[in-house]
Amino acid sequence: MSVTVASTAASSIERAVDDIIKQCGGISPNTVLFFASSRYDPASISRAMHDAFSGAQVIGCSTAGEIVSGRVMKDSIVAMAFDDRTIESVACSVVTDVASPDSLADAVRDLEEKIGTPLRDLDFQKYVGIILIDGLSGSEERVMDRLGDLTDVTFIGGSAGDDLNFQSTYVYLDGAAYTNAAVLALLKPVGEFDIIKTQSFRTLDTVLVPTKVNEERREVLEFNNMPAALAYARAVGVSVKEAPKRFMHNPVGLVTGDDFFVRSPRQIEGDSIFFYCMVKEGMELALLESTDIIEDTHNAVEEKVRQLGRASALINFHCILRALELEEKGQSAEYGSLFADIPTIGFSTYGEEYIGHINQTSTMLIFK
Amino acid sequence: MAGKIKQMIEKIIEERSNGNEVLKSTTRTKLIIKGYNPDTWTSRSEDDPTKIAELKQIARDMGVNL
């Protein structure tokens, strides 16, 4: 076995980490990825996991719910350990201040020194990046945008959560816990790997163009030269007061050819709508309508496994809004069961990363 | 004058993708996320100096010589 999955709901960090060590007993990992509920003290869990796997690069983050092969969990820790039969090499760095371009530049330089090659020169078919980033920083777009400028390597990941407390989120590297930060991990897998990006919406004919925005605040003041809240309410056929009830089922999507990147409205304030990610003035955004998460996810995973021939591991960055919708519909267990036959870990995120920053999506890294 | 923005966008995509279809698609997506959808600009689009300056900066950031 070159990949091992572990999970625990033990409440003490000592017992929880002991549980994970026992479940990972058959492997000498070079890389350990873990996702831990915010009920575990950040500094303590990062230190304990690092000490438990001292020969490995240990990275992780806080969550708003966890996923492990076949099960959706809460208040737990899930971990995946890889050895050199799956991950040939790994290099990690931390962006200590996600709001600072200099901090990102330092982290990239650190990665480049570790691998001895500029990120720009790396073969995107041989390397893949994982990014775990503070989910309350509001900085994901800028970090992803700059990373995309610097490299063709795909960085996939999620925004850390804190079990819907919205107080502080953490990323973990080398035994330390960081907030307002991001961890970058550059992996060189031994075999094939691929990305799944799945969201359960179809595009409608209605297009909303932001004509006045405040990008920094993720605020749209006007759509189609009308007050944003009014334009959105009209588009979905309800009053402004009723409009927030439609946010989850009718977000908007930035169409990119055959695909789209979901932008989810968060709340109405005055005439404005605040989003969970930035939208730019002049972007054409299609109104979306929700479809079936279980069916769409099943199809997306099955198709990718079919293309690869098999799946030895899967990491699922699963939007908290999708998790809440599944919970509301009583489908969480069914969702978990979609991953019963694949060694899987994942967590409920405050945002998903793939090329850019996305909402109401699952981004997954799958290894053959 | 018209069409310069379309030309710049196409040049960025060509340079960054180096003929690779996957990278072509990814670079297009990156540009769309930055607010420059290649499909909305044509050879008849007006040469807006502000947009041209923005695209020059994007090209520099992406390591492309226009």
Side-chain angles (χ1 to χ4, degrees), chain A residues 101 104-105 108 118-126 128-129 140-156 194-195 197 207 209-211 213 215 253-263 277-286 353-359 363, chain B:
Chain A
L104 176 59
V108 167
L119 284 193
R120 193 179 298 280
D121 295 343
L122 292 180
D123 184 342
F124 73 99
Q125 290 166 312
K126 292 183 178 164
V128 67
E140 294 98 325
E141 297 91 340
R142 283 182 292 277
V143 171
M144 289 303 292
D145 190 60
R146 189 64 191 132
L147 271 178
D149 288 345
L150 293 173
T151 183
D152 293 326
V153 170
T154 300
F155 273 82
I156 182 171
D194 211 334
I195 305 295
K197 169 179 165 290
V207 171
V209 179
T211 43
V213 304
E215 287 184 12
L254 176 63
V255 178
T256 60
D258 296 337
D259 197 7
F260 53 88
F261 284 60
V262 182
R263 275 77 181 96
C277 74
M278 184 193 295
V279 296
K280 287 181 177 282
E281 216 165 273
M283 275 179 167
E284 289 189 1
L285 301 172
E353 325 309 329
Y354 166 65
I355 303 182
H357 178 52
I358 331 173
N359 307 135
T363 56
Chain B
M1 294 289 285
K4 185 156 185 182
I5 293 173
K6 179 69 174 173
Q7 273 180 11
M8 292 169 81
I9 289 171
E10 293 305 327
K11 172 94 171 167
I12 291 171
I13 293 169
E14 278 310 308
E15 291 279 322
R16 268 304 285 253
S17 63
N18 208 16
N20 182 294
E21 288 301 319
V22 175
L23 290 181
K24 203 175 272 187
S25 168
T26 308
T27 308
R28 281 176 62 86
T29 302
K30 287 177 182 176
L31 288 171
I32 291 170
I33 290 171
K34 288 174 187 287
Y36 286 88
N37 187 335
D39 295 336
T40 61
W41 300 88
T42 70
S43 58
R44 291 183 193 160
S45 301
E46 189 191 335
D47 290 349
D48 178 339
T50 309
K51 298 285 182 196
I52 288 171
E54 269 181 21
L55 265 175
K56 280 183 179 169
Q57 184 59 49
I58 286 171
R60 269 195 295 277
D61 290 344
M62 295 181 87
V64 171
N65 282 319
L66 289 176

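Letters go in sequence order (proteins before strands), and every chain restarts at 1.
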J.: With a 4.5 angstrom heavy-atom cut-off, could you sort out which part of A/V255 is near chain B: side chain, backbone, both or neither?
T.: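 Contact with chain B involves the backbone of A/V255 alone.
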J.: Measure B/V22 against the heavy atoms of chain A and call it side chain, backbone, both or neither at under 4.5 Å.
T.: side chain
J.: Are there any donor-acceptor pairs closer than 3.5 angstrom between chain B and chain A, and if so, which ones?
T.:
unit_1 : atom_1 : unit_2 : atom_2 : d
B/R16  : NE     : A/D152 : OD1    : 3.4
B/R16  : NH1    : A/D149 : O      : 2.6
B/R16  : NH2    : A/G148 : O      : 3.2
B/R16  : NH2    : A/T151 : O      : 3.4
B/R16  : NH2    : A/D152 : OD1    : 2.9
B/K30  : NZ     : A/G148 : O      : 2.8
B/K30  : NZ     : A/T151 : O      : 3.1
B/K34  : NZ     : A/D145 : OD1    : 3.0
B/K34  : NZ     : A/D145 : OD2    : 3.2
B/K34  : NZ     : A/D149 : OD1    : 2.7
B/K34  : NZ     : A/D149 : OD2    : 3.4
B/D61  : O      : A/R146 : NH1    : 3.1
B/M62  : O      : A/R120 : NH1    : 3.0

